[in-house]
There are 2 protein chains.
Amino acid sequence: MKTQEQDTLAYPFDYLAYLLARASTSVSAEFHRELRRLGIPVSTWRIVASVSEKARSVSELAGIVLMQQPTLSKALDRLEAQGLVERERREDSRRKVYVKPTEKGRMLAERLKPKAQLHEQEVLKELTPDEARKLKAALRRLIRHYERDNST
Amino acid sequence: MKTQEQDTLAYPFDYLAYLLARASTSVSAEFHRELRRLGIPVSTWRIVASVSEKARSVSELAGIVLMQQPTLSKALDRLEAQGLVERERREDSRRKVYVKPTEKGRMLAERLKPKAQLHEQEVLKELTPDEARKLKAALRRLIRHYERDNST
DNA sequence: TTCAAATAATTGAAAATTCATGTTATGACT
DNA sequence: AGTCATAACATGAATTTTCAATTATTTGAA
């Protein structure tokens with residue numbers, strides 16, 4: 001009946017980095033399964049959701065959707081072929097390429113957002129409001145610290 | 001000089017799932033770069049570290065290292081070829097395959113663990129002891145909740 | 001006991017990712 | 001203006017991952 005271990009989770013590590021990775025995958029698993037049932041890759045969801053807020057340059061978008069730039073370039077080729085996003089060159093900089101959703105892409109994003117928000121509500125139910133607030137604050141702080149100026 | 005945006009992080013989402021994913025990647029980035037300098041894939045580190053605690057079956061290990069089974073199977077082929085791990089069949093169940101480190105694998109794990117621990121210390125410096133404790137507790141709770149019995 | 005369903009792991013073909021490099025555009029400095 | 005370093009994105013080849021079977025073993029129900 002049980003696929004996993006009996007009562008204790010197999011938990012070899014206590015590293016914060018590991019707990020974050022594991023929490024990330026397990027918390028997202030259900031929503032990702034939902035996307036999968038709809039035949040939508042996670043990257044597609046992230047990309048259309050991001051650019052429907054605001055057009056983004058490729059490298060900026062790569063940072064947001066947590067992909068490497070060449071991976072994203074190729075994902076964009078696919079999404080462009082599906083008519084979900086468009087690449088746009090602007091006058092301010094001729095090397096930047098801005099990505100924006102097509103009407104179809106925007107509709108897809110709008111269709112998925114309520115599902116994402118519902119999932120968010122479900123997740124937050126596992127925490128008290130205070131815990132949730134502190135958790136998010138801690139995560140934002142870690143992100144801010146580790147992402148500030150990567151001129152290494 | 002700055003690769004990223006000027007002063008604010010590009011932060012389109014406030015979903016906990018997204019903050020977890022982003023915190024996970026940004027917190028781990030430095031350690032992952034260190035592994036990369038050593039020519040060691042992240043998966044190799046995770047696998048040898050996991051099995052040097054305790055031999056694990058393939059599916060159990062897949063859960064721990066956050067990989068899908070087929071992905072892990074093939075990663076194990078590579079690690080076995082490099083002489084870092086061994087597959088072992090036991091009497092208790094002839095379909096399970098246990099993975100354990102070779103001497104070389106164990107040495108690799110022992111060499112990397114201090115680096116991981118050092119990284120952990122660095123990360124924890126960003127939080128007060130109380131914050132760190134609460135953060136880990138919240139993460140463990142989320143993990144426990146979302147991983148308990150996936151008999152869906 | 002027997003047989004169908006479930007579990008554990010592997011495999012092969014297709015798809016996506018990665019690494020290194022290529023191309024073009026900017027910026028800075030002389 | 002000319003040169004050099006850097007930034008932004010794309011691309012090709014190699015590697016890895018994924019999806020959908022397949023094989024082998026175990027469970028359990030009739």
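Below, each value reflects all heavy atoms present in this structure, side chains not excepted, and no hydrogens, waters or symmetry copies. Letters go in sequence order (proteins before strands), and every chain restarts at 1.
Criterion: ILVMFWY side-chain heavy atoms under 4.5 Å apart, direct or through other members. Under it, A/Leu61 and B/Tyr18 are part of a common hydrophobic cluster. Hydrophobic clustering (side-chain heavy atoms under 4.5 Å, transitive across Ile, Leu, Val, Met, Phe, Trp, Tyr) groups B/Ile143 together with A/Leu135.
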Candidate pair B/Leu72 and B/Gln69, rule side chain to side chain contact (heavy atoms under 4.5 Å, CB included), full reasoning: CA-CA 5 Å; B/Leu72 178 58; B/Gln69 251 139 353; 5.7 Å; no
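With sequence neighbours excluded, the residues satisfying side-chain contact (heavy atoms from CB on, under 4.5 Å) with B/Ala132 are B/Leu124, B/Leu127. Shown here are the salt bridge (Lys or Arg N to Asp or Glu O under 4.0 Å) partners of B/Lys136, two or more places apart in sequence or in another chain: A/Asp14, B/Glu120. Residues that satisfy the side-chain contact (heavy atoms from CB on, under 4.5 Å) test with B/Lys115, not counting sequence neighbours, are B/Phe31, B/Glu34, B/Leu38, B/Leu112.
For the helix from C/dT1-D/dA30 to C/dT30-D/dA1, the rotation axes defined at the first and last 5 base pairs enclose an angle of 30°, given to the nearest 10°.
Nucleotide C/dA8 holds its P atom 15 Å from the CZ atom of B/Arg56, rounded to whole Å. Separating the CD1 atom of B/Ile47 from the C1' atom of D/dT17 is a distance of 13 Å, rounded to the nearest angstrom. With rounding to whole Å, A/Arg94 atom CZ is found 15 Å from D/dA7 atom C1'. One atom, NE2 of A/His32, and another, P of D/dC19, lie 13 Å apart when rounded to the nearest Å. Rounding to whole angstrom units, CZ of residue A/Arg95 and P of C/dA25 are separated by 10 Å. The CG atom of A/Asp92 sits 17 Å away from the P atom of D/dA7 (whole-angstrom rounding). Atom OH in B/Tyr98 sits roughly 13 Å away from atom C1' in C/dA9 (whole-Å rounding).
Residues B/Glu80 and B/Leu76 fail the side-chain proximity criterion, which asks for heavy atoms closer than 4.5 Å.
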Once base and sugar-phosphate atoms are separated, protein heavy atoms under 4.0 Å mark nucleotides 10-19 of chain C, 5' to 3', with B, S and - as BBBB--SBBB
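Listed by first and then second residue, the side chain to side chain donor-acceptor pair (under 3.5 Å) pairs involving residues 44-55 of chain B are B/Ser52-B/Lys113 (not counting sequence neighbours).
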